[in-house]
Amino acid sequence: MKTYRIRSDVRQTPQTETLLAGLNPQQAAAVCHGTGPAMIIAGAGTGKTNTLVHRVAWLIARENRPDQILLLTFTRKAADQMLNRVAQLVTTPRPVAGGTFHATCNLILREFGGSIGYPPGFTILDQPDAQDRIDVIRSGLLKNFPKTRFPKKATLFDLFSTHRNTHTPLDELVSRDYPQFVPTLELIVKLFQDYQTMKRRFALADYDDLLFLTRDLIETVPSVRETLHNRYRHILVDEYQDTNPVQADLVEAIAGKTGNLMVVGDDAQSIYKFRGADFKNFLEFPVRFTQAAVYKLEENYRSTQSILDVANAVMAQATEKFDKVLFTRKPSGTLPAIIQAPDDSFQNQFIVSKILDLRESGVGLNQIAVLFRNARNSYSLELELNAHQIPYEKRGGNKFSESAHIRDLIAFLRLSVNPKDIVSWNRILTMVDGIGPKNAETILQQLENETDPARLQLSPRYAIQVKSMLGLVAGLAAEEPLSDKIERLTGFYQPLFEKRYSEDYPKRQKDLDAFQAIASTFRDTQDFLMHLALEPVDFSQTDTLATTPDEPPLILSTIHSSKGLEWHTVILMDVLDGVLPSTFSLDDQESLDEELRLFYVAVTRAREELYLVYPAVQYHRQFNDYFSRPSRFIDSLPANLTESWVLETGDPEPPKGLTE
DNA sequence: AATTCGTCGTTTTTT
DNA sequence: ACGACGAATT
Ligand SMILES: Nc1ncnc2c1ncn2[C@@H]1O[C@H](COP(=O)(O)OP(=O)(O)OP(=O)(O)O)[C@@H](O)[C@H]1O
């Protein structure tokens, strides 16, 4: 008797059939793609992520091991969503590999970084860390050139990052974006080199390094490339239009020119130009991977036709045309509304009022999102929401783990892991009264050779405090549960904290508790610190953590962070010229197009209802000017696609005599 | 001489 | 409301 095994590319398990049942023919074709590179290009809401997720399930049904499938995307929110949707569709014994590019590179680098001189315990610098290190070098260099006008640490950081991500030489960047600093170009270049050297010497990696080091590692060490290539038999990338050159190199380095690489994207949703992403890279995927199969999806399953009509009209304004028209078989729905409120306060009142209406009519708060261009646009709305006790989660903007008081705590923990961390020493020592940068340096110099705190030469003004601080740091290094450490740390920190933030420490107090709550989910200090660096916690997530609200919260989000997600109702606020499009984009067409794509992303997040709101006037301190024109993007929408709402109020007219 | 205090200009978006 | 830099202050 002879056994004949049916070829795996012929056999259809019942599982596979049910998998494909819910998909349209184009989606199913992409899901069943054979081997080699493939590209799915399609508009918003056409089920790109859905297809990708089904592809994963299909691969698993065809006996690929889940940990041999690597799923990548750029933003954390999109990565979470993608992995969750996989988990909902298939239960796997092991998780599918993947997440953000940065998180994945972090793991690869810890495993193989040794071959390029990075030990497994290297430290990740988040943005403020990186800037602080740059600042240390900056002060050192500037000592020799006092009174020179020189870029600030944040500017330098941006320059360096843009330089690396866009492959633009520093001199070109400086003369284009900061011509006033051309005379100091030499120093800037020197600073950059010193910064790069310093990171390598102390085993530090900033966000960009995670990507660049990993790419270099894979490209230069054949055995690593081989291992990863065999480990990840299938690589799938979502939101590929947001991929910048390093990321593209990286996936190619692992998959190879003919590997099983499936990329999914929408050129019309490319919104990360500022960090080197270019939708043209996506469109040219078939040029780079000549064997790539190209799949297109056309039917939108998310939004009503009325919303899509607006989305199509938005993209029609683009100067570089995107050849795509969205359609759906969903009912046309209600017309998207454009609301002019007299001022900020009325805008907030309208939004809160609308949210309460929706909630009463049965739409859950978590099915509603308020979106905006800049994270700070929502500050006053947040006050209004608090006043009405509407729970919300804010995404984007200031990070919890980047606020000053949390960084204070982090500095202590850092030192318990790495007592040589000069930047953290500086931070904690200067918290003591009477110690500034100079005294801190003197103390640090003594600490280099003297391990016994009792023998340190300290001014009596602060000797006691410094000694107890040293005692605390030493104690934190001991074997002890992390939560006990945090307890002692916050106990020590409390008086310093009240002094340092004397005006507003009560407001910050709850963050200290939240810090403890987050820490309690970790066992190891190093793990905890790594997590904080890699996944900076959004501020309001900590509220939900501390108080478990009875109701899933409303979402407030920057448009950037809303990518890939969807809600029943989307309220887009501050749709003003100068906000969206941003003032900084007004003089060049490419930037304006990018702002238009942002607007398109915002609009296409909505399933049923869409509201575009703006105040008639809004003061902007930074420009010392009033914005009073609705966004040019809504101005040029055909009138029949939207409905204009007038707010009923018995209140006085908005202030007169303001600039147009 | 070092620290702190006050004022001026500045400010997108993410990892 | 925030950071950097210059002036008063201990
Ligand atoms: N074949 C289908 N039948 C019914 N609903 C579908 C189908 N494909 C996708 N959907 C639904 O359409 C919505 C959008 O899908 P998905 O998020 O995958 O789109 P997307 O193209 O990735 O969107 P974006 O461009 O915004 O990232 C989801 O609610 C999804 O469940």
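Chain naming here is simple, since letters A, B, ... match the order of the sequence lines and numbering starts at 1 in each. No hydrogens, no waters, no symmetry mates; every other heavy atom, side chains included, goes into these values. Source: prediction; values computed, not measured.
Between A:Asp209 and A:Lys199, at least one side-chain N (NZ, or NE/NH1/NH2) sits under 4.0 Å from a carboxylate O, which counts as a salt bridge. Checked for salt-bridge contact, A:Lys399 and A:Asp126 miss the test: no charged N lies under 4.0 Å from a carboxylate O. Between A:Lys190 and A:Asp194 there is a salt bridge, since at least one side-chain N of the basic residue sits less than 4.0 Å from a carboxylate O of the acidic one. Salt bridge A:Glu239/A:Lys48: absent, no basic N to carboxylate O contact under 4.0 Å.
Closest to the A:Lys152 side chain, of the nucleotides C:dA4, B:dT15, C:dC5, is C:dA4. Of the candidates B:dT13, B:dA2, B:dT11, B:dT11 carries the atom nearest the A:Arg376 side chain, counting heavy atoms from C-beta on. For A:Arg138, the side-chain atoms get nearest to C:dC5 when compared with the rest of B:dT14, C:dC5, C:dA4. Closest to the side chain of A:Thr558, from the set B:dT15, B:dT13, C:dA4, is B:dT13.
A 3.5 Å limit on both hydrogen-bonding distances identifies C:dT10 as the Watson-Crick or G-U partner of B:dA1.
OP1 or OP2 of B:dT3 sits under 4.0 Å from a side-chain N or O of A:Asn439. Taking 4.0 angstrom as the limit, A:Ser561 places none of its side-chain polar atoms (N or O) nearer than this to OP1 or OP2 of B:dT13.
We find that the ring of A:Phe274 and the base of B:dT13 stack, their centres lying under 5.5 angstrom apart and their planes tilted less than 30°.
Rounded to an integer number of Å, the gap from A:Leu211 CG to B:dT14 P is 17 Å.
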